[in-house]
Colleague: 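Supplied in structure tokens, the structure appears directly below.
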Amino acid sequence: MVQTGGRPLTRAALAGKRRALEDGRTVTRKDLSASAREAAKALGLRPSLRLVLSELVATWGEQDWSRLIVWPSNEYLVSRTGLSERAVRYALRDLVGLEIIAPKDSANGKRYAVRSRDGTILDAFGFDLTPLYARRGDWALAIQARAEARERRRRAFDLVTMHRRAVAEAMQAFATRYPDATLADLAEAQAGLDATTPDRRNGGDPELVLEAWGELRRMVEDRFYAAGCDGNSCPHVETEKGSPTEAWSKDSSGNADTPRPIERPVVGLSPALVVEACPVVRDLVGGDIREEHEILDAGRTLRATIGAHASAWAEACAAVGPYQAAILVLVVAQRHDDDVSSGQNRIRNPGGYFRRLVRLAGEGRYEIGTELLALRRRRMT
């Protein structure tokens, strides 16, 4: 084949030439620079492409033309960007391939302006920046899509982290409370997921392992619950029905009134009952709550909000288990919220009140299910 000096014809080059400005549209260098920045963000251009595109925009003379033609030479772009000539040529090729610019080649392949006798520029051969400006709507949509993808990735990593911590805590609780339990399969699955879970700093996709972590978390928590029930699937029946009627604070004596006989809970500590009794959890989660792990996550989050120390949370987990500890956090948060709304302000130290309830529950003097029923009945009346 005989080389003519022209560039090979591509679909991207033809697509760029089909882009056009709106009728009567006047484009300034400032507008063109803004489009270049948006294109760089939308497409994630590498530094060399950003440099070359920026210099192409800088050479636009704001002529009143229907096409935005610029004609800087490769030597000029090399001197302005500090790149090698090969890097400049590759950058121009890639910008054409991305439909950011379109080539307008002359007969001899040179870039130059066609001038009249008085020096007025009539036409030019070089690169057409019209696609860059004409596609500014595409850049805005692409930027939004990239932002949404980053948010989905961040949320997925957050959920993976929550599942990993829950699994680690459950395995630690197994080792502490049920050392004879057989956990080889769970430990092997945990190690396998740990090895394949990507890091936030690399380009891995957390959604590939998110479902697996959620399933492992469910398996571990179900097995821990079964171990706590000693193989019995029936709800645990407490002998005490008492519920403290007075809020506790640093200034109070710490003695609860005589427990009042109220209805015995006929169901377990289901998430539905917790939500009905403690609607404050809806404001935290911002949606429907159907699973126990959602109550557990809400309790962990609200623990610091009510001023309960991490040692109080550890004590609660050891005394009544993580799930019931989370329910106690929500009970304290709800009672404190009701207390503040009524203007009584009896609970001056919610963290201390939480620790008090934990110790009462650990001693069998406080039944969480009874308290949930009492809170729910109070809202229904």
Side-chain angles (χ1 to χ4, degrees), residues 4-143:
T4 62
R7 68 183 73 250
L9 183 63
T10 62
R11 189 210 66 84
L14 292 178
K17 294 178 180 179
R18 293 172 182 266
R19 304 280 181 177
L21 301 177
E22 300 92 337
D23 293 339
R25 180 70 182 184
T26 301
V27 182
T28 65
R29 188 182 295 110
K30 183 179 180 180
D31 297 333
L32 202 56
S33 297
S35 297
R37 290 192 297 269
E38 293 175 357
K41 293 179 183 178
L43 302 177
L45 299 182
R46 63 180 186 269
S48 60
L49 269 66
R50 289 173 181 253
L51 285 172
V52 173
L53 181 60
S54 177
E55 292 303 325
L56 290 176
V57 170
T59 59
W60 166 240
E62 301 186 0
Q63 293 89 352
D64 188 15
W65 295 348
S66 61
R67 311 295 296 186
L68 311 180
I69 308 296
V70 294
W71 53 96
S73 64
N74 284 355
E75 291 79 8
Y76 175 84
L77 294 176
V78 167
S79 65
R80 296 291 298 177
T81 62
L83 301 173
S84 66
E85 184 178 359
R86 176 175 293 184
V88 168
R89 287 190 280 108
Y90 285 167
L92 293 171
R93 178 201 62 188
D94 293 342
L95 290 174
V96 172
L98 292 171
E99 299 181 27
I100 299 177
I101 63 176
K104 184 182 180 182
D105 295 327
S106 63
N108 58 4
K110 300 293 184 179
R111 301 172 206 154
Y112 60 89
V114 179
R115 302 176 184 270
S116 63
R117 291 179 177 272
D118 59 358
T120 303
I121 300 177
L122 303 176
D123 197 2
F125 296 95
F127 292 105
D128 187 358
L129 302 183
T130 303
L132 172 64
Y133 187 78
R135 295 184 62 192
R136 59 192 183 281
D138 297 343
W139 310 143
L141 293 176
I143 290 173

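On a predicted model such as this, the values are computed, not experimentally measured, just so you know.
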Colleague: Where do Phe127 and Pro103 come nearest, in terms of heavy atoms and distance?
Modeller: CD2-CA, 4.0 Å
Colleague: Would you say the side-chain atoms of Trp60 pair up with the backbone N or O of Ser33, donor to acceptor, closer than 3.5 Å?
Modeller: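 No, the answer is negative, given that no donor and acceptor are paired below the 3.5 Å cut-off.
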Colleague: Could you tell me the separation between the CD1 atom of Ile100 and the CH2 atom of Trp139, rounded to the nearest 0.5 Å?
Modeller: 5.0 Å
Colleague: Report yes if the side chains of Trp71 and Ile121 come closer than 4.5 Å at any heavy-atom pair, otherwise no.
Modeller: yes
Colleague: So which heavy atom on Ile143 is nearest to which on Glu38, and how close?
Modeller: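 Taking every non-hydrogen atom into account, CD1-O, 3.6 Å.
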Colleague: Could you please spell out the steps behind the salt bridge (Lys or Arg N to Asp or Glu O under 4.0 Å) verdict for Arg67 and Asp128?
Modeller: CA-CA 7 Å; Arg67 311 295 296 186; Asp128 187 358; 2.7 Å; yes
Colleague: Give, for atom OG of Ser116 and atom CG of Asp123, the distance between the pair rounded to the nearest 0.5 Å.
Modeller: 12.0 Å
Colleague: Applying salt bridge (charged side-chain N to carboxylate O under 4.0 Å, His left out) as the test, list every pair that has at least one member in residues 43-55; sequence neighbours left out.
Modeller: Arg46-Asp94, Glu55-Arg80
Colleague: Any chance you could measure Ser73, atom OG, to Lys110, atom NZ, to the nearest 0.5 Å?
Modeller: 9.5 Å
Colleague: Rounded to the nearest 0.5 Å, how far does CG of Leu129 lie from OG1 of Thr59?
Modeller: 6.5 Å
Colleague: Mind checking the CG-CG spacing from Leu56 to Leu132? Nearest 0.5 Å is all I need.
Modeller: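 Going from the CG atom of Leu56 to the CG atom of Leu132 covers 9.5 Å.
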Colleague: Are the side chains of Ser35 and Arg136 in touch, meaning some heavy atoms are under 4.5 Å apart?
Modeller: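 Counting from C-beta outward, Ser35 and Arg136 do come under 4.5 Å.
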Colleague: Taking side chain as C-beta onward, heavy atoms only, is Leu45 less than 4.5 Å from Leu98?
Modeller: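 They are in contact (side-chain heavy atoms under 4.5 Å apart), so the answer is yes.
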Colleague: With distance as the sole test, does Ser106 use its side chain to make a donor-acceptor pair with the main-chain N or O of Arg111 at under 3.5 Å?
Modeller: no
Colleague: Where do Tyr112 and Phe125 land on the side-chain contact (heavy atoms from CB on, under 4.5 Å) test, with the steps shown first?
Modeller: CA-CA 5 Å; Tyr112 60 89; Phe125 296 95; 3.8 Å; yes
Colleague: Measuring from Leu53:CG to Leu77:CG, what's the distance to the nearest 0.5 Å?
Modeller: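 CG of Leu77 is found 11.0 Å from CG of Leu53.
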Colleague: On a heavy-atom basis, which atom in Arg29 and which in Val57 lie closest, and how many Å separate them?
Modeller: CG-O, 3.8 Å
Colleague: Using a 3.5 Å distance criterion without hydrogens, assess whether the side chain of Ser54 forms a donor-acceptor pair with backbone atoms of Leu51.
Modeller: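 Checking the backbone N and O of Leu51 against the side chain of Ser54, no donor-acceptor pair under 3.5 Å is found.
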Colleague: What heavy-atom pair brings Ala42 and Ala142 nearest, and what distance separates the two atoms?
Modeller: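 Ala42 and Ala142 have their closest heavy atoms at CB-CB, 3.5 Å.
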